[in-house]
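Numbers here simply count residues along the sequence, with the first being 1. FYI, side chains are in, hydrogens and waters are out, and symmetry mates aren't considered; it's all heavy atoms of this structure.
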Amino acid sequence: MDRLQAIAEEATQGINALLETPLTPDQTKSVERIVERAVIKALLEGQHRAVDAALQTPEADQDVAHKIATAIRQKNDALIANLSSLR
């Protein structure tokens, strides 16, 4: 969780450095939240693709693929729960 916030802060600092007029503290917080949400959406999309890839395995490997897909989904659920509790 802290790493996602650090990524959002770093991106916000990069955006702020490009602007002719720096962001206000309130704008900085808003931009950080927008960037953090974008990072989370991208992360979840990547995990969804990983589940899809795991499920596209030969018949003989389907049991292992389902276990992997379930583990990825559980991690997604934990991530979403943790993020929800931060708000």
Report yes if some heavy atom in the side chain of R37 is under 4.5 Å from a heavy atom in the side chain of R33; otherwise report no.
yes
Report, as yes or no, whether the 6.0 Å neighbourhood of atom CD on E10 holds more than 12 heavy atoms from other residues, nucleotides or ligands.
no
Has E45 got a side-chain atom pairing as donor or acceptor with A42's backbone, closer than 3.5 angstrom?
no
First locate atom NZ of K75, then atom OG1 of T70, and finally report the distance between them rounded to the nearest 0.5 Å.
13.0 Å
Got a second to check how far I15's CD1 is from E32's CD, nearest 0.5 Å?
10.0 Å
Is there a path from I40 to I34 through hydrophobic residues (I, L, V, M, F, W, Y) whose side chains come within less than 4.5 Å of each other?
no
Verify same cluster id: L44, V35 (apolar side-chain graph, 4.5 Å)
yes
Closest non-hydrogen atom pair, L23 against N16:
N-OD1, 2.7 Å
Nearest heavy-atom pair of V51 and A69: which atoms, and what distance?
CG1-CB, 3.8 Å
Which donor-acceptor pairs under 3.5 Å do the side chains of residues 53-64 make with protein atoms, sequence neighbours left out?
residue : atom : partner : partner atom : Å
T57     : OG1  : A54     : O            : 3.4
T57     : OG1  : Q62     : NE2          : 2.9
Q62     : OE1  : H66     : NE2          : 3.3
Q62     : NE2  : L55     : O            : 3.4
Q62     : NE2  : T57     : O            : 2.7

